[in-house]
Amino acid sequence: MDCARRRATPSSPSPAETAVWNPPPGSRRGEHREHGEHREHGESPEARERERLREQVEELRTEVGQLRQASESRPVIDQARGMVMALAPCDAQSAWWVLVRVSQHSNVKLRRVAGALVAGAEGTPVPESVRKALAAALHRVRTASR
């Protein structure tokens with residue numbers, strides 16, 4: 001009878017059961033909050049600093065790649081600006097805006113537009129979308145300067 005009664009009556013939790021950490025409502029097991037931040041249980045300040053430095057290095061790598069690409073495409077863009085200045089005729093700022101407009105209206109990156117124009121001067125056919133956008137942009141610059 002004692003065994004049956006023990007099974008039927010709820011008992012208080014054992015000390016081992018109460019020693020289990022129960023996370024606060026709204027948080028997940030294995031995480032806790034410290035100074036308003038979520039972090040993995042047991043993560044050291046050194047580990048957080050390493051992660052922050054890894055993220056910073058990745059951002060810098062991305063920026064360096066973009067700067068290298070820009071420095072490689074700059075001479076071609078300047079050549080294309082000179083070509084637009086001769087075709088329009090216009091100043092350097094207006095030539096830049098012509099290239100920007102052509103890039104936007106042809107949905108081609110500006111460095112590729114510039115490369116197509118320079119290659120076109122050397123005999124390579126310029127893509128039709130770039131040609132049409134360039135003709136419209138040059139027409140606009142010519143009529144604005146009258």
Side-chain angles (χ1 to χ4, degrees), residues 7-146:
R7 274 189 236 135
T9 60
S11 63
S12 60
S14 71
E17 291 172 327
T18 57
V20 174
W21 179 74
N22 290 318
S27 68
R28 294 181 297 213
R29 190 172 281 281
E31 293 181 0
H32 65 281
R33 295 175 192 228
E34 182 174 305
H35 305 292
E37 295 181 8
H38 290 284
R39 67 182 187 105
E40 289 297 317
H41 184 69
E43 183 180 352
S44 68
E46 293 84 12
R48 287 193 312 266
E49 180 66 11
R50 276 193 303 274
E51 182 59 30
R52 188 189 67 74
L53 289 173
R54 262 192 291 273
E55 290 171 1
Q56 188 176 21
V57 165
E58 188 57 36
E59 288 173 10
L60 291 172
R61 282 185 179 143
T62 300
E63 185 176 353
V64 166
Q66 291 169 346
L67 289 171
R68 283 184 179 149
Q69 191 173 45
S71 68
E72 290 169 3
S73 61
R74 192 76 204 172
V76 173
I77 292 172
D78 287 340
Q79 285 178 321
R81 280 174 81 178
M83 293 170 61
V84 170
M85 289 168 66
L87 290 170
C90 62
D91 62 358
Q93 186 65 35
S94 297
W96 172 257
W97 287 113
V98 165
L99 292 175
V100 168
R101 180 176 289 275
V102 169
S103 173
Q104 291 173 343
H105 287 273
S106 64
N107 199 25
V108 176
K109 290 191 177 280
L110 193 135
R111 68 177 175 268
R112 294 195 188 276
V113 166
L117 294 178
V118 171
E122 297 169 349
T124 304
V126 177
E128 185 178 347
S129 63
V130 172
R131 260 194 346 259
K132 286 182 178 182
L134 179 62
L138 288 174
H139 177 71
R140 179 174 268 201
V141 169
R142 288 179 188 138
T143 56
S145 65
R146 289 183 188 177

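Expressed to the nearest 0.5 Å, how far CH2 of W97 lies from CD of Q104 amounts to 8.0 Å. The CD atom of E46 lies 12.0 Å from the CG atom of L53; values are rounded to the nearest 0.5 Å. The distance from atom CD of Q93 to atom CE of M85, rounded to the nearest 0.5 Å, is 11.0 Å.
The closest side-chain heavy-atom distance from W96 to I77 is below 4.5 Å. Between T62 and E59 there is no side-chain heavy-atom pair separated by less than 4.5 Å.
Under a cut-off of 6.0 angstrom, the local environment of CZ in R54 is crowded, with over 12 non-hydrogen atoms contributed by other residues, nucleotides or ligands. Atom CD of E63 has 12 or fewer neighbouring heavy atoms from other residues, nucleotides or ligands inside a 6.0 Å radius.
No side-chain donor-acceptor contact under 3.5 Å links S94 to the backbone of C90. One N or O on the side chain of R142 and one on the backbone of L87 form a donor-acceptor pair closer than 3.5 Å. When atom types are taken as modelled, the side chain of S103 and the backbone of L99 share no donor-acceptor pair closer than 3.5 angstrom. Counting only distance, with no hydrogens or angles, the side chain of R81 and the backbone of A95 share no donor-acceptor pair below 3.5 Å.
With sequence neighbours left out, D78 forms a side chain to side chain donor-acceptor pair (under 3.5 Å) with no residue at all.
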For residues 109-135, which side-chain N or O atoms pair as donor and acceptor with protein atoms under 3.5 Å away, sequence neighbours left out?
| from | atom 1 | to | atom 2 | distance (Å) |
| --- | --- | --- | --- | --- |
| E128 | OE2 | K132 | NZ | 3.0 |
| R131 | NH1 | V126 | O | 2.9 |

In sequence, state the C-alpha distance, the side-chain angles, and the governing distance for E55 and R52, and then conclude on salt bridge (Lys or Arg N to Asp or Glu O under 4.0 Å). CA-CA 5 Å; E55 290 171 1; R52 188 189 67 74; over 6 Å; no
